[in-house]
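One is the number of the first residue; the rest follow in order along the sequence. Values in this document were obtained by computation on a predicted structure and should not be read as measured data.
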Amino acid sequence: MWFRFIFGCIISLRLYHGAAEQRWFLFRWNTGRMPLSPHDLVVGDREHELTAITALIRKQLVTPYRLSAVLEEQGSAVEIVRLSEDDRLFRSALPTHDWVGAVTAEDVQAAYKDVRGWTERRLDCRSVLDSAYPAALRDIFNRPPIIFVQGTWDEQKDGWSIAIVGTRKASPEGLRRASRLSRELGEAGFTIFSGMAAGIDTAAHREALRLGARTCAVMGTGIDKRYPATNAGLAAEIVDSGGCLLSQFFPTQPPTQWTFPNRNIVMSGLTLATVVVEASETSGARMQARVALQHGRTVFILRSLVESHAWARKYVEDGAYGTHAVMISSTAEITDRIDGRTDQLLVA
């Protein structure tokens with residue numbers, strides 16, 4: 001009797017483990033081969049989720065920022081691209097656009113090919129579905145669905161960061177001020193962010209590197225591109241120093257009129273505050289000041305800029321989105337205010 005009972009248990013265990021191994025084999029087979037259609041994608045498989053996100057970005061059913069919100073609401077990009085007609089009745093949280101059948105088999109295959117290429121090149125691509133997506137960026141309403149990182153992202157150090165921005169056609173005095181701000185903020189322990197453009201951006205990055213402070217660049221191109229080309233060496237130095245380059249665009253995206261404003265949104269979202277050194281009415285730095293105020297980030301504008309440009313004076317005196325920019329004459333005014341704000345947040 002006991003023999004038959006024990007024998008039966010052994011057979012049951014073998015059958016259970018055999019079925020489990022078969023399920024695991026099928027899962028690995030399905031996720032290891034190229035998916036031929038949306039229904040071949042596996043929910044929760046990181047590579048397949050990134051494939052679905054890539055296909056959705058390319059379809060442009062909604063803005064990238066709305067897509068980010070939908071992805072976080074649904075919890076899976078694969079589930080979205082696999083929607084059927086029956087889901088219309090039960091997925092009321094989806095946008096009004098027609099998502100059912102929007103992503104085709106050809107879309108999935110092309111996106112998977114790209115994702116596999118990124119994986120083979122060991123490109124670090126993080127989506128809003130990943131826990132490694134930068135925490136500060138997740139806080140803004142217009143966050144991008146994906147962000148590429150080249151180099152080392154340090155969540156703790158890079159969360160304590162300030163963006164220094166300004167015109168490409170900077171004056172000698174503007175370059176001197178940008179360098180001094182970068183040096184003194186770097187000495188205070190902040191990571192220095194900028195956009196790796198000519199002028200103010202380059203001065204901020206260069207001084208941080210000279211000091212040995214941490215610096216990161218948010219790019220207006222794909223991670224494979226360098227703009228301006230003359231800053232290719234600067235990009236390499238930033239990565240070699242332990243900092244990183246970040247881009248919300250696909251790797252081969254060239255510079256365009258629309259990529260730089262979107263870059264400024266991401267830079268604002270990644271940092272505690274933005275400091276504007278020199279900027280005209282039409283400057284991208286002025287645009288970053290506006291979106292930073294919209295994000296609820298602190299915006300510092302040098303006194304010299306406030307005194308010479310009406311837009312800067314307006315942001316200080318009248319504000320925007322319910323908050324005001326702060327006019328400063330010294331780096332200490334930045335560190336004192338940031339430290340005070342942090343203390344208030346910690347108390348709260």
Side-chain angles (χ1 to χ4, degrees), residues 63-66 68-69 72 133-144 158-167 174 177-178 181-182 184-185 188-195 200-201 204 216 218 246 248 260-348:
T63 66
Y65 314 126
R66 178 63 182 130
S68 295
E72 291 184 309
Y133 189 84
L137 196 57
R138 197 183 294 278
D139 287 342
I140 64 172
F141 73 92
N142 45 1
R143 56 200 173 279
D158 297 335
W160 188 250
S161 57
I162 293 181
I164 300 175
V165 297
T167 181
R177 288 170 175 155
L181 281 164
S182 181
E184 294 178 350
L185 289 170
F190 291 96
T191 297
I192 305 302
F193 271 70
S194 201
I200 297 297
D201 291 15
C216 300
V218 184
L246 301 108
Q248 72 202 86
F260 291 104
N262 282 282
R263 180 272 307 274
N264 291 332
I265 291 171
V266 169
M267 198 190 318
S268 165
L270 286 167
T271 53
L272 287 171
T274 290
V275 185
V276 186
V277 180
E278 279 187 345
S280 68
E281 178 74 25
T282 58
S283 170
R286 185 247 179 175
M287 185 264 192
Q288 181 161 330
R290 179 181 63 78
V291 297
L293 290 172
Q294 190 176 21
H295 291 157
R297 304 297 199 248
T298 304
V299 175
F300 298 101
I301 305 179
L302 269 61
R303 177 181 293 276
S304 57
L305 186 56
V306 173
E307 292 174 346
S308 60
H309 284 76
W311 75 262
R313 188 161 55 253
K314 179 177 173 60
Y315 279 172
V316 170
E317 295 176 354
D318 300 334
Y321 305 104
T323 187
H324 291 251
V326 180
M327 182 174 67
I328 60 166
S329 301
S330 69
T331 308
E333 293 174 85
I334 299 174
T335 55
D336 289 348
R337 190 176 184 92
I338 293 294
D339 287 342
R341 179 183 173 190
T342 305
D343 289 342
Q344 291 172 8
L345 291 173
L346 291 173
V347 170

How many angstroms lie between atom [atom1] of [X] and atom [atom2] of [Y], to the nearest 0.5 angstrom?
X	Y	atom1	atom2	answer
Asp336	Asp339	CG	CG	7.0 Å
Arg143	Glu72	CZ	CD	4.0 Å
Leu302	Ile328	CG	CD1	5.0 Å
Leu185	Ile338	CG	CD1	9.0 Å

Taking all atoms of both residues into account, what is the closest heavy-atom pair of [X] and [Y], and its distance?
X	Y	answer
Met267	Val218	CG-CG2, 3.8 Å
Leu270	Ala136	O-CB, 3.9 Å
Tyr133	Pro144	OH-O, 2.6 Å
Thr335	Ala188	CG2-CB, 4.0 Å

Output, in order, the C-alpha distance, side-chain angles, deciding distance and verdict of side-chain contact (heavy atoms from CB on, under 4.5 Å) for Val326 and Arg337.
CA-CA 10 Å; Val326 180; Arg337 190 176 184 92; 3.5 Å; yes
Quick test of your reading: applying side chain to side chain donor-acceptor pair (under 3.5 Å), list the pairs with at least one residue in residues 305-318, sequence neighbours left out, ordered by first then second residue.
none
So, Arg177 side chain and Val277 main chain: donor-acceptor pair closer than 3.5 Å or not?
no
For Phe190, give me all partners under ring pair (Phe, Tyr, Trp, His ring centres under 6.0 Å), at least two apart in sequence or on another chain.
Trp160
Ring pair (Phe, Tyr, Trp, His ring centres under 6.0 Å) involving Phe260 - partner list, sequence neighbours excluded
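Only Tyr227 meet the ring pair (Phe, Tyr, Trp, His ring centres under 6.0 Å) criterion with Phe260.
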The criterion is side chain to side chain contact (heavy atoms under 4.5 Å, CB included); which residues satisfy it with Thr63, sequence neighbours excluded?
Tyr65, Arg66
Side-chain donor-acceptor distances from residues 287-295 under 3.5 Å, at least two apart:
{"from": "Gln288", "atom 1": "NE2", "to": "Thr274", "atom 2": "OG1", "distance (Å)": "3.1"}
{"from": "Arg290", "atom 1": "NH1", "to": "Tyr321", "atom 2": "OH", "distance (Å)": "3.3"}
{"from": "His295", "atom 1": "ND1", "to": "Ser268", "atom 2": "OG", "distance (Å)": "2.8"}
{"from": "His295", "atom 1": "ND1", "to": "Val291", "atom 2": "O", "distance (Å)": "3.4"}
{"from": "His295", "atom 1": "NE2", "to": "Asn142", "atom 2": "OD1", "distance (Å)": "2.8"}

Can you list the residues that meet the salt bridge (Lys or Arg N to Asp or Glu O under 4.0 Å) rule with Arg263, with sequence neighbours excluded?
none
